[in-house]
2 protein chains.
Amino acid sequence: MADIAKMAGVSASTVSRALAGSHLVEKTQRDRIVKIARDGGYVINSTARNLRLQRSETISVIIPLGHASTQPLSDPFFVEMLGYLAEEITRRGYGMFVQKISPPMDDWMHRLIGSHRSDGIIVIGQSTEHSVIEAAAMSYRPLVVWGGHDREQSYCTVGTDNVAGARAGVQHLIRLGRRRIVFFGDPKLPEIHLRYEGYRRALKDEAGVGAAQIVPTHLTADAAYESMRAYISGGKTFDAVFAATDVIAISAIRALTGAGLNVPADVAVVGFDDIALAAHTNPALTSVRQDIRRGAEIMVDLLLRRIAGEDTPSATMAAELVVRESCGAARH
Amino acid sequence: MADIAKMAGVSASTVSRALAGSHLVEKTQRDRIVKIARDGGYVINSTARNLRLQRSETISVIIPLGHASTQPLSDPFFVEMLGYLAEEITRRGYGMFVQKISPPMDDWMHRLIGSHRSDGIIVIGQSTEHSVIEAAAMSYRPLVVWGGHDREQSYCTVGTDNVAGARAGVQHLIRLGRRRIVFFGDPKLPEIHLRYEGYRRALKDEAGVGAAQIVPTHLTADAAYESMRAYISGGKTFDAVFAATDVIAISAIRALTGAGLNVPADVAVVGFDDIALAAHTNPALTSVRQDIRRGAEIMVDLLLRRIAGEDTPSATMAAELVVRESCGAARH
DNA sequence: TTGAAAGCGCTACCAT
DNA sequence: ATGGTAGCGCTTTCAA
């Protein structure tokens, strides 16, 4: 900047003002300086600028993997979310700083905040970190979390109505004539827990449906595949699966097909998330849709408002059941 | 830091040294200061540190989407790569700064470099930006690009041997008895161009195989699906598809199945990438595997060496054909 | 309308 | 082994 000042025959102060478009600098003068800077290939040093301004124009996106630490960002859901966040954060003029957290390690939030690397934090999924997040939120305002909402928690979440979504999915199976519906998923994670709750309610709503059956399984494709294989070998009778995520659903279908069962004729399957690939599997997957793009937009919007000092409430989006082939047609 | 200095009764210089683990500070003294800092919840301000040190401990990961600007990071390949990069960059103690670039816009590289936000740049896929990258690489060293390699280009690339990989995939189809093999993909992108080249060579190697047929299609699932539908409607006869990416392959299978054709009985399909979902589709997809995790590791390693001043050559990894169900068994 | 000067929080030089 | 001081590149008072 000192160079540009010299070239333009003015002080650094004036260059700074001109580049910032300040009206304190006369228009012709301003344009002249901007042109010199551009021609000289000058780009403002954001580190220095940020130090002076006490901000970073960067948003941290944190992915806690307490539930699957060895598996690197495997879930297409996370990764789709990451893509939409990159999109929206860039659009709003910020940079995105991505970091994966593999607990146990309880000071990650404190270190991240203290480092001043970012102006705000988005956490994708509570994983096993609910209490760490809760503690941080007491004193750190610019924080938005994707995940399940619960009245106990005081931090700002954005997410889908998991209970209603799961309930709608299971109700659909029941209406199609399915009676023994198994839930696949790990209820230790807050969101999955809520989906399980929706599943239970749907079963309770209807008479003549078998009792709730849960198969706890991790969220990775391999783990879900093995869970389903083991379940089939167990010899239990069932005619439908409600999977806590699409990754689980897709793996379950593969295991079912591999065992000689037909989907949906023998076993109907419904997933959750409606990831991009759900429409492209064979049979195409019926799934409870979460609007990830919208979720990303809302999170970024809320976070920027929090950065600006506003105190925003949590947001819950409606879930929508997308019916495809994997749940079959009605039968009686 | 001034606070910590006061609390410890030493100067800021000494605190700085103690926190850096300098042996200029006596061990007991050092430990004492570190403890005070930790107890006081002190975290070093990375912006100030970086300004002083003239570095950022951050790596920029750029995703140019010149070929599909409206589609936000749709390709599972990109997104898997992003995950592995996040993993590896974090492991090496750096932060990852992600930015999506939607050309046309030819100064993105210059602005990114000039802003000093990162110590080095990884570009995932050349997209349509080959010349921009080439130009930047002349003066900016810490730059590594995922993509196709070509003797014309002087920048450092990491990628798979696309020609050999595609060739192996097509040879496999031919050996299984397929004779009319269609290539689906957009050869404008450097990597896809090389895969097409491998396809052509495989056809040339063997007698009695139909001429090369290419259907240019974008890399998105929807575009590929439509391309295949249109191709089927065109009434051409063919018994195999070599898809430039798994996304194209999976969409093609869906379109084929939807048109009443059996995969692999009527049409065999081979993809490229071996994304996580390839093993989980139905039928499971035969694909030319790129070791994305390894690629991410190599890119980060090369980039860090370049940041350290070393001049590293490009790296090409071997491709491996992973045979599953979608290509069928031998027939004569 | 412009410039001089201070200072963001840190590290490293040069003293002692 | 430790402290004082300068300075990284910028923005913003304050004074003119």
Side-chain angles (χ1 to χ4, degrees), chain A residues 1-34 36-38 40-58 93-95 110-119 307, chain B residues 1-38 40-58 93 95 110-119 307:
Chain A
M1 183 176 265
D3 295 350
I4 303 299
K6 211 159 286 170
M7 291 166 70
V10 294
S11 72
S13 315
T14 303
V15 175
S16 174
R17 284 190 274 252
L19 260 32
S22 162
H23 284 276
L24 286 170
V25 182
E26 204 184 358
K27 174 125 177 58
T28 53
Q29 169 87 310
R30 208 189 324 154
D31 292 347
R32 189 178 66 87
I33 295 172
V34 167
I36 290 171
R38 196 202 313 282
Y42 173 77
V43 179
I44 222 156
N45 180 316
S46 59
T47 309
R49 175 170 222 262
N50 289 337
L51 175 60
R52 173 64 228 233
L53 261 31
Q54 297 291 76
R55 53 166 186 54
S56 62
E57 298 214 272
T58 296
Y94 278 73
H110 175 249
R111 282 159 66 148
L112 179 62
I113 294 168
S115 75
H116 295 267
R117 281 191 100 114
S118 50
D119 299 337
I307 289 171
Chain B
M1 180 175 265
D3 295 350
I4 302 299
K6 211 160 285 170
M7 290 167 71
V10 294
S11 72
S13 313
T14 303
V15 174
S16 173
R17 282 191 276 251
L19 260 33
S22 162
H23 284 277
L24 287 170
V25 182
E26 206 184 357
K27 173 129 178 53
T28 53
Q29 169 87 309
R30 209 192 318 156
D31 292 347
R32 190 177 66 87
I33 295 172
V34 168
K35 186 176 177 342
I36 291 171
R38 197 202 314 282
Y42 174 77
V43 179
I44 223 157
N45 181 314
S46 58
T47 309
R49 176 170 222 262
N50 289 337
L51 174 60
R52 174 62 229 232
L53 262 29
Q54 298 290 79
R55 54 166 186 54
S56 62
E57 296 215 271
T58 296
H110 175 249
R111 283 159 65 148
L112 179 62
I113 294 168
S115 75
H116 294 268
R117 282 190 99 114
S118 50
D119 299 337
I307 289 172

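None of the values given here were measured: they were computed from a predicted structure. Residue numbering restarts at 1 for every chain, and letters A, B, ... go by the order of the sequence lines.
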Closest-nucleotide ordering on DNA chain C, the 5'-leading residue of B/Ala48 and A/Gln29 = A/Gln29

message = Show me the pairs that pass salt bridge (Lys or Arg N to Asp or Glu O under 4.0 Å) and involve residues 19-33 of chain A, at least two apart or across chains.
response = A/Lys27-A/Asp31

request  = For residues B/Ala18 and B/Val25, report the shortest heavy-atom separation together with the two atoms involved.
outcome  = N-CG2, 4.0 Å

Could you give the side-chain donor-acceptor pairs of residues 2-15 of chain B under 3.5 Å, partners two or more places apart or in another chain?
| unit_1 | atom_1 | unit_2 | atom_2 | d |
| --- | --- | --- | --- | --- |
| B/Ser11 | OG | B/Ser13 | N | 3.4 |
| B/Ser11 | OG | B/Thr14 | N | 3.3 |
| B/Ser11 | OG | B/Thr14 | OG1 | 3.2 |

remark   = On DNA chain D, more 5' by nearest nucleotide between A/Val43 and B/Val15 is B/Val15

request  = State, to 0.1 Å, how close B/Glu57 and B/Asp119 come at their nearest heavy-atom pair, and which atoms those are.
outcome  = N-OD2, 2.8 Å

query = Rounded to whole angstroms, how far apart are CG on B/Asn45 and P on C/dC8?
reply = 12 Å

request  = Would you mind classifying the nucleic acid contact of B/Leu24 as base, sugar-phosphate or nothing, using non-hydrogen atoms under 4.0 angstrom?
outcome  = base

query = How far does the helix from C/dT1-D/dA16 to C/dT16-D/dA1 bend, going by the axes of its first and last five pairs, to the nearest 10°?
reply = 40°

task = Looking only at side-chain atoms of A/Leu51, point me to the closest of C/dT2, C/dA12, C/dC8.
result = C/dC8

request  = Nearest-nucleotide wise, let me know which of A/Thr14 and B/Gly9 is further upstream toward the 5' end of DNA chain D.
outcome  = B/Gly9

query = Whole-Å distance between C/dC10 C1' and A/His116 NE2?
reply = 12 Å

Reported NE2-to-CG distance for the pair A/His116 and A/Leu51, which is rounded to 0.5 angstrom = 11.0 Å

key: Contact under 4.0 Å: B/Tyr42 side-chain N or O vs C/dC10 OP1/OP2   = yes

remark   = Sorted by chain and number, sequence neighbours left out, side-chain hydrogen bond (donor to acceptor under 3.5 Å, both in side chains) with B/Thr58 holds for A/Arg117

Which protein N or O atoms sit under 3.5 Å from an N or O of nucleotides 13-16 of chain C?
| unit_1 | atom_1 | unit_2 | atom_2 | d |
| --- | --- | --- | --- | --- |
| C/dC13 | N4 | B/Arg17 | NH1 | 3.2 |

note = From the candidates C/dC10, C/dA12, C/dC8, the one with an atom nearest any side-chain atom of A/Gln54 is C/dC8

inquiry  = Please tell me if B/Arg52 has a side-chain N or O lying less than 4.0 Å from either OP1 or OP2 of C/dA12.
reply    = no

ask   = Which pairs with one or both residues in residues 41-53 of chain B pass side-chain hydrogen bond (donor to acceptor under 3.5 Å, both in side chains), sequence neighbours excluded?
value = B/Asn50-B/Arg55

task = Could I get the full list of salt bridge (charged side-chain N to carboxylate O under 4.0 Å, His left out) partners for A/Arg38, not counting sequence neighbours?
result = none

key: For atom CZ of B/Arg55 and atom C1' of C/dA12, their distance in whole Å   = 13 Å

ask   = Where along residues 31-38 of chain B does a heavy atom come under 4.0 Å from DNA chain C, residue by residue in number order?
value = none

task = Considering only heavy atoms of chain B and a distance under 4.0 Å, specify the first and last nucleotide of DNA chain D in 5' to 3' order that meet this criterion.
result = D/dA1 to D/dG9

request  = Round to a whole Å and report the spacing from CD1 of B/Ile4 to P of C/dG9.
outcome  = 13 Å

